[in-house]
Amino acid sequence: MRTDMRKNSKSSWPKVIARKWLNIPSGAEEFQSDYAVNGETGDRRQSCCDQDYHSIVPGNFSEGWLTETAGGIKPSKSMPEPPPVTDSLNPRMFVGTWNVGGKSPHEGLNIRDWLSSPAPADIYVLGFQEIVPLNAGNVLGAEDNGPAAKWLSLIREALNSDQSDKELARCYSGATEESSPSSLQLEQQASLKPRTSFTDLLSMEDELGEEDFERLLNLNTNSSEEGSPSPTYMSGSPARQRFCLAASKQMVGLFLCVWVRTDLYKHISNLKVSCVGCGIMGYLGNKGSVSISMTLHQKTFCFVCTHLTSGEKEGDEIRRNSDVAEILKRTKFSRSFRDLRQPFHPENILDHDKVIWLGDLNYRLGPGCVDTHELLKKNNWQVLLEKDQLRIEQRAGRVFSGWEEGRIYFAPTYKYLADSDDYVVQTSNSKEKRRIPAWCDRILWKGEGLKQVWYSRGECRFSDHRPVYSLFSVHINLVNKLIPTAISCPPRFSSKSALSSACGAKVQAEELLVIPGHKAT
């Protein structure tokens with residue numbers, strides 16, 4: 001048996017290599033999700049007796065729970081009126097990016113500090129670079145998805161585990177708008193204050209819902225009375241909803257995953273993925289992008305996780321600009337039979353209503369930046385940022401024209417010595433490549449209704465990069481939008497026939513939607 005398995009593994013290698021070298025897509029549209037079957041997603045309708053089985057019903061099919069009868073597909077008789085909803089929503093979105101340097105996470109790695117935010121988030125968009133070493137075996141061979149599974153497990157645990165008050169208790173300064181804080185306040189984000197000031201609380205009132213704001217106000221008052229620090233909101237705390245994996249996708253070392261509150265998932269549809277390789281020979285996956293497209297309450301979102309060309313030689317920034325152009329040009333989201341009934345589904349990145357671009361963009365400090373070591377010691381980021389290649393190229397209109405990025409009040413995120421707070425350039429005896437510190441890891445956005453509340457970095461020493469994260473307030477108009485009521489399904493399926501019946505319901509329901517003049521009886 002072992003001999004046969006080895007033969008099969010070896011025989012598959014030439015095929016894998018050939019497909020990669022010839023740029024033949026292989027499972028590029030498939031992705032992992034808590035609620036997905038073959039990449040097609042919709043509202044999850046759990047049967048009363050189907051145990052682990054579930055059916056996927058098209059998101060816009062509002063005829064109620066479909067049951068199997070001798071005469072075909074019939075809508076349920078009991079269908080209460082859907083309740084009206086508010087005219088707009090303002091969910092909060094946490095976006096994080098981290099180049100982990102080809103290291104697989106060890107058991108017990110604490111990522112809660114990275115995922116903590118000054119206000120509770122409803123959606124988490126987490127992108128990684130170099131989750132596997134970028135060697136020939138991983139670039140040309142079969143995908144190693146072991147590290148991705150470990151990261152998913154760590155994230156799920158961090159977002160969903162119950163934390164004691166002591167573990168959750170963290171000090172933070174108020175989440176102020178990017179246009180309002182002083183430079184000194186945000187330069188000291190790492191040195192968080194023991195409690196939120198009343199002024200900071202007022203500045204957060206617009207971003208937080210009434211319930212969250214009152215809870216934060218009460219916590220802050222209690223901490224003042226009891227002399228204990230206010231806990232940072234952690235979405236996995238008992239006061240928050242649980243989170244599920246909407247979608248995740250890997251391409252060599254790039255890995256992107258989107259997590260949403262479980263009660264929010266029913267409003268998400270049209271999940272799609274797209275991968276673009278820009279590495280060796282212009283298309284292998286050691287560099288490039290992984291993108292996820294989705295619709296939330298009829299608004300389209302696109303999340304683009306990228307790892308662009310490295311290097312700090314003169315002219316390398318032009319290659320990075322070229323990578324961005326290729327990703328924008330070659331990222332395509334396929335349309336399926338189910339999409340034909342949708343009024344509009346974006347096929348490329350810029351077609352979406354709201355776009356988040358995150359990752360290791362690898363832009364460095366341009367030539368002529370003198371006294372870097374002294375500026376680092378003085379935390380004089382603004383002088384260093386004047387030589388930031390991304391800002392220079394963007395102002396010149398050569399890349400990311402019309403995109404936005406928040407003000408940077410944190411230290412360069414690359415390149416650190418292993419398990420140290422010292423940059424490689426600061427040590428004369430280091431055998432590492434003497435890279436000049438730079439803000440390689442960035443988060444940009446494009447589209448109306450996205451308001452950045454927070455832009456900072458984490459301090460985990462796991463790799464030679466520091467993680468970066470941002471918190472957004474997302475404004476979504478709900479024009480003539482009704483939320484369908486969850487309807488309990490009648491116990492008509494046996495455990496053996498549940499899956500086949502569900503598939504039949506799904507297919508026939510789609511046929512009813514596209515056949516003109518056909519009515520369900």
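Sequential numbering from 1 along the given sequence is applied to the chain's residues. All of these numbers come straight from a predicted model, not from anything done at the bench.
Every residue meeting the ring-ring contact (aromatic ring centres under 6.0 Å, His included) condition with Trp357, not counting sequence neighbours, appears here in chain and number order: Phe400, Trp403. Shown here are the side chain to side chain donor-acceptor pair (under 3.5 Å) partners of Asn135, two or more places apart in sequence or in another chain: Asn138. Judged as a salt bridge (Lys or Arg N to Asp or Glu O under 4.0 Å), and not counting sequence neighbours, the contacts of Asp316 are Lys313, Arg319. For Arg391, there are no side chain to side chain donor-acceptor pair (under 3.5 Å) partners two or more places apart in sequence or in a different chain. Scanning for side chain to side chain contact (heavy atoms under 4.5 Å, CB included) contacts around Arg398 gives Asn321, Ile392, Glu393, Ala396, with sequence neighbours left out. Residues satisfying the side chain to side chain donor-acceptor pair (under 3.5 Å) criterion with Asn145, sequence neighbours excluded, are absent altogether. Applying the side chain to side chain contact (heavy atoms under 4.5 Å, CB included) rule to Ser420 yields the partners Leu417, Asp422; only residues at least two apart in sequence or on another chain are considered. Judged as a ring-ring contact (aromatic ring centres under 6.0 Å, His included), and not counting sequence neighbours, the contacts of Phe94 are Tyr124, Tyr469. Scanning for side chain to side chain donor-acceptor pair (under 3.5 Å) contacts around Glu130 gives Asn99, with sequence neighbours left out. With sequence neighbours left out, Ser153 forms a side chain to side chain contact (heavy atoms under 4.5 Å, CB included) with no residue at all. Checked against side chain to side chain contact (heavy atoms under 4.5 Å, CB included), Pro467 has the following partners two or more places apart in sequence or in another chain: Trp98, Trp114.
No donor-acceptor distance shorter than 3.5 angstrom exists from the side chain of Thr262 to the backbone of Phe243, with no hydrogens or angles considered. At least one donor-acceptor pair closer than 3.5 Å links the side chain of Arg92 to the backbone N or O of Pro120. With hydrogens and angles ignored, the 3.5 Å screen pairs no side-chain donor or acceptor of Asp323 with any backbone N or O of Leu308. A donor-acceptor contact shorter than 3.5 Å links the side chain of Asn286 to the backbone of Ile280.
No side-chain heavy atom of Thr309 sits less than 4.5 Å from a side-chain heavy atom of Cys278. Counting only heavy atoms from C-beta outward, the side chains of Gln250 and Glu143 approach each other to under 4.5 Å.
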- Please assess Leu384 against Leu376 for the test side-chain contact (heavy atoms from CB on, under 4.5 Å), listing each intermediate value before the final yes or no. CA-CA 9 Å; Leu384 287 172; Leu376 288 173; 3.9 Å; yes
- Query: When you look at Trp381 and Phe410, which way does the ring-ring contact (aromatic ring centres under 6.0 Å, His included) test go after all the steps?
  - Reply: CA-CA 7 Å; Trp381 317 137; Phe410 52 86; 8.8 Å; no
- Item | CA sep, side-chain torsions, deciding dist, call: Asp34, Arg156, side-chain contact (heavy atoms from CB on, under 4.5 Å) | CA-CA 11 Å; Asp34 286 349; Arg156 189 184 300 275; 3.1 Å; yes
- Evaluate the side-chain contact (heavy atoms from CB on, under 4.5 Å) criterion for residues Leu134 and Val252: first the C-alpha distance (whole Å), next the side-chain angles of each, then the deciding distance (0.1 Å), finally the verdict. CA-CA 8 Å; Leu134 301 183; Val252 190; 4.1 Å; yes
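Between the OG atom in Ser104 and the CD atom in Glu107 there is a gap of 11.5 Å [rounded to 0.5 Å]. A distance of 10.0 Å separates CH2 in Trp454 from OG in Ser117, rounded to the nearest 0.5 Å. If you take CD on Glu404 and CD on Gln394, they are separated by 9.5 Å, rounding to the nearest 0.5 Å.
Lys446 and Asp353 are not joined by a salt bridge, as no carboxylate oxygen comes within less than 4.0 angstrom of a charged side-chain nitrogen.
Heavy-atom neighbours of Lys332 NZ from other residues, nucleotides or ligands within 6.0 Å: above the threshold of 12.
Taking the six-membered ring for Trp and the full ring otherwise, the centers of Trp151 and Phe128 sit less than 6.0 Å from each other. Ring pair Tyr363/Trp439: centre-to-centre distance not below 6.0 Å.
Each of Phe303, Phe333, Phe301 was evaluated against His352; a single residue qualifies, Phe333, per the ring pair (Phe, Tyr, Trp, His ring centres under 6.0 Å) test. Of the candidates Leu89, Val474, Asn270, Ile123, Ile123 is the only one forming a side-chain contact (heavy atoms from CB on, under 4.5 Å) with Leu296.
Checked by atom type, the side-chain pair Ser334/Glu347 shows no donor-acceptor distance below 3.5 Å. Using modelled atom types and a 3.5 Å distance limit, the side chains of Asn362 and Arg364 yield a donor-acceptor pair.
Remark: Lys415 fails to qualify as a cation-pi partner of Tyr423 under the 6.0 Å distance and 45° angle criteria applied to the six-membered ring.
Annotation: salt bridge (Lys or Arg N to Asp or Glu O under 4.0 Å) contacts involving residues 436-445, sequence neighbours excluded, comprise Asp388-Arg442, Glu405-Arg442.
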